[in-house]
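The basis for the numbers below is simple: all heavy atoms, side chains too, and nothing from hydrogens, waters or symmetry mates. Everything numeric in this text was worked out from a predicted model, so none of it was measured.
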Amino acid sequence: MKKTISILMALIMLFSVLSVGASALNAGEPEVRTKYVGSEDVNRYSPNTTLPQSAVSSEAQINRFASSDPNTPYTFYSTLNARQKDVYNAIVNGAKPQETFEIMLSSPISFTTVVDANNEPVLTEQVVYTCAETLLGALSALMDDHPEMFWIGNFDWGYMYDGQVYENGTADVRLVGLALQFALPAGYTSWNAVKTAYNQMVQAADAVQIAGATRFEKLKSIHDWIAKRVDYDTEFAYDTSYYATSVFLAPYITVCEGYSEAFKMLCDRAGIPCIVVVGDAGEPHAWNYVKMEDGNWYAVDVTWDDQNDENGDDLIFYDFFLRGANSTEIFFHGENEAAMPFKTTHKPLGDRYGDGSIFKLTYPALAEEGYTRMLLAPNSEAIVDKSKMTVYIPEGTAMDDAFVVPDGYYGEIDKDPATILRVTRPLSFGDVNGDGKVTAVDARWVLQAASGTREFSEAQQILANVNGDQKITAVDARWILQAASGSRTLPESNVQFLVEEYQVSWLKAANKAA
């Protein structure tokens with residue numbers, strides 16, 4: 001999948017020979033020439049989805065998108081420079097689909113160089129890099145802003161130039177444009193077939209009924225529709241599995257790229273800000289981020305949530321539905337293995353072409369915690385409306401069939417049938433800062449409280465009094481420091497902290513939240 005030679009070095013070698021195409025520059029000759037010089041292949045993402053593994057690669061650079069407006073989308077286009085936008089806009093505004101493009105740059109690249117034996121200019125390393133950065137940036141952003149343009153992938157490319165050659169063997173050159181020719185997407189026999197598939201896909205996507213009034217309901221509707229619609233291409237038998245067409249068109253066999261790109265297409269239709277994310281999940285993988293009404297971004301991985309039971313029937317999980325960076329899965333780890341936070345299992349890399357050394361996509365930062373501390377149980381019909389702090393549960397549904405409370409939290413209801421559902425987190429003696437660990441920071445806080453320079457809540461006062469004398473003193477701080485170093489064991493606490501509290505509304509029919 002990744003090339004063994006860097007894109008930049010390959011392009012430098014190609015530009016250094018420049019032995020094909022138009023005739024050489026002649027002194028005083030201004031016309032624009034076009035020369036095709038190389039090709040590049042897109043990275044494709046297709047992990048095994050039986051059970052996730054911990055990702056081991058480094059973190060990508062992650063940018064927090066400036067707007068917290070819940071309706072402001074994140075577009076990769078907004079991260080591009082002017083020349084990259086020239087390429088992006090030319091393709092977006094062209095025919096759909098279209099094989100070849102000649103794109104004029106709003107800011108030509110001018111440089112002085114020498115000519116070779118054929119009187120052709122020899123491009124400098126910096127110019128080669130600028131060309132590669134322009135093309136790879138524009139196409140990386142384009143594929144994930146517009147996943148419906150599934151033919152954006154492998155391509156041949158060249159440059160358009162004019163200039164002046166001098167008698168001393170030097171030349172002033174203007175690179176005024178870039179030329180692109182996309183390869184026929186794998187699995188299609190002609191560009192007419194590509195155009196037919198595109199039109200059929202758009203029609204199928206427009207026909208999808210996205211149910212619900214709230215953003216949560218719409219996202220769950222999209223998530224569940226895709227999971228029910230498709231099967232995972234476990235044998236990688238279909239070349240079309242890497243495109244959004246594989247979700248909307250028969251035989252409905254796809255991989256993670258198809259899942260995530262179709263999910264974005266439907267979110268775009270529903271007016272929900274959504275992006276495709278590519279990276280490492282133990283293997284190359286693709287998933288989504290969506291922005292909720294609170295202005296925060298949450299992760300959705302329909303691929304991993306789409307499973308089958310022992311009879312081959314659909315079994316839809318929500319372990320990876322609206323999760324935060326620190327959210328841990330419930331079902332997707334071995335019995336004797338610790339649950340892993342999302343930021344550990346899913347590493348965003350942004351490398352659509354090559355190793356990402358020339359251009360990487362950057363992503364908004366995830367919320368630390370999930371959209372709700374509760375998880376929907378598999379195949380759940382329950383709905384969460386966080387804006388109203390209300391959960392909607394079909395009548396006759398057991399609580400265990402509606403929600404699962406993540407490890408480290410407790411869920412409780414006040415009566416049966418429930419009218420209030422509470423999610424609480426147990427607190428440990430000594431953990432006065434509430435980070436789930438007993439450390440030297442807690443000891444310092446207790447020492448400050450003992451000296452009167454820090455004020456504790458009632459719960460913190462209970463947790464700080466580890467020696468049981470009903471006073472907060474330097475002795476408590478010393479005990480906590482000893483516990484942090486492993487030389488003392490503190491008593492267990494029965495104190496719990498309320499995380500979320502929801503009204504429960506029982507529904508006579510599923511998915512009819514008022």
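Legend: residues meeting ring-ring contact (aromatic ring centres under 6.0 Å, His included) with Y318, ordered by chain and number and at least two apart, are H223, F321. Taking the ring-ring contact (aromatic ring centres under 6.0 Å, His included) definition, one finds that F359 meets it with nothing, sequence neighbours left out.
What you find for C267 and C274 is that their closest heavy atoms are CB-CB, 3.6 Å. When all heavy atoms of N43 and G354 are compared, the pair lying nearest together is ND2-O, 2.8 Å. When every heavy atom of D400 is checked against every heavy atom of A377, the shortest pair comes out as O-CB, 3.7 Å. For the pair P73 and P273, the tightest heavy-atom approach, listed with the atom from each and the gap, is CA-CB, 3.8 Å. Here the shortest heavy-atom pairing between N296 and D294 reads N-OD1, 2.9 Å. Summarising the geometry of T72 relative to K291, their closest heavy-atom pair is O-NZ, 2.7 Å, with the distance given to 0.1 Å.
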As a quick check of understanding, evaluate side-chain hydrogen bond (donor to acceptor under 3.5 Å, both in side chains) for E368 and N326, giving each step before the final call. CA-CA 6 Å; E368 289 297 309; N326 293 325; 2.7 Å; yes
* Asked: Can N154 and Y353 be said to form a side-chain contact (heavy atoms from CB on, under 4.5 Å), step by step?
  -> CA-CA 9 Å; N154 301 347; Y353 287 91; 5.6 Å; no
Query - side-chain contact (heavy atoms from CB on, under 4.5 Å) assessment of T124 paired with V128 - result: CA-CA 6 Å; T124 66; V128 174; over 6 Å; no
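Here F216 contributes atom CZ and T372 contributes atom OG1; the two are 7.5 Å apart, rounded to the nearest 0.5 Å. Considering CD of E261 and CG of L266, their distance stands at 12.5 Å, rounded to 0.5 Å. The OG atom of S505 lies 9.0 Å from the CD atom of E395; values are rounded to the nearest 0.5 Å. One distance of note links NE2 of H346 with CH2 of W287; it measures 5.5 Å at 0.5 Å rounding. The CD atom of Q126 sits 11.5 Å away from the CG atom of L123 when rounded to the nearest 0.5 Å. One finds the OG1 atom of T214 at 11.0 Å from the NZ atom of K220 (value rounded to the nearest 0.5 Å).
The salt bridge (charged side-chain N to carboxylate O under 4.0 Å, His left out) contacts involving residues 188-216 comprise D206-R269, where partners must be two or more places apart or lie in separate chains. Contacts classified as salt bridge (charged side-chain N to carboxylate O under 4.0 Å, His left out) and involving residues 228-244 (residues at least two apart or in different chains) are not found. Under the salt bridge (charged side-chain N to carboxylate O under 4.0 Å, His left out) criterion, no residue pair touches residues 78-89, with sequence neighbours excluded.
A donor-acceptor pair under 3.5 Å is formed between the side chain of D319 and the backbone N or O of F331. Side chain of D116 to main chain of E120: a donor-acceptor pair is present (N/O by atom type, distance under 3.5 Å, no hydrogens or angles). The main-chain N or O of C256 is found under 3.5 Å from a side-chain atom of S260 such that the two form a donor-acceptor pair. Formation of a donor-acceptor pair under 3.5 Å by the Q200 side chain with backbone atoms of L249 is not found in this model. Between the side chain of T134 and the main chain of T130, a donor-acceptor pair closer than 3.5 Å is present. A donor-acceptor distance shorter than 3.5 angstrom exists from the side chain of T113 to the backbone of V122, with no hydrogens or angles considered.
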Under 3.5 Å donor-acceptor pairs involving side-chain atoms of residues 136-152, not counting sequence neighbours:
residue : atom : partner : partner atom : Å
S140    : OG   : L136    : O            : 2.7
D144    : OD1  : R352    : NE           : 3.3
D144    : OD1  : R352    : NH2          : 2.7
D144    : OD2  : R352    : NE           : 3.3
D145    : OD1  : F76     : N            : 3.0
D145    : OD2  : F76     : N            : 3.2
D145    : OD2  : Y77     : N            : 2.9
D145    : OD2  : Y88     : OH           : 2.8
H146    : ND1  : E148    : OE2          : 3.0
H146    : NE2  : Y88     : OH           : 3.4

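Checking each of D306, T303, T254 against Y259 for a side-chain hydrogen bond (donor to acceptor under 3.5 Å, both in side chains) leaves exactly one that passes, namely D306. Considering Y289, Y298, W297 as possible partners of Y371, the one that fulfils the ring-ring contact (aromatic ring centres under 6.0 Å, His included) test is Y298. Among T240, T196, T245, the one residue that satisfies the side-chain hydrogen bond (donor to acceptor under 3.5 Å, both in side chains) test with Y188 is T245.
Using cut-offs of 30° and 60° on the angle between ring planes, the pair Y159 and Y161 is tilted. The aromatic rings of F320 and F342 lie tilted to each other, with the angle between the two planes from 30° to 60°.
Side-chain contact annotation: S190 with N192, donor-acceptor N/O pair under 3.5 Å absent.
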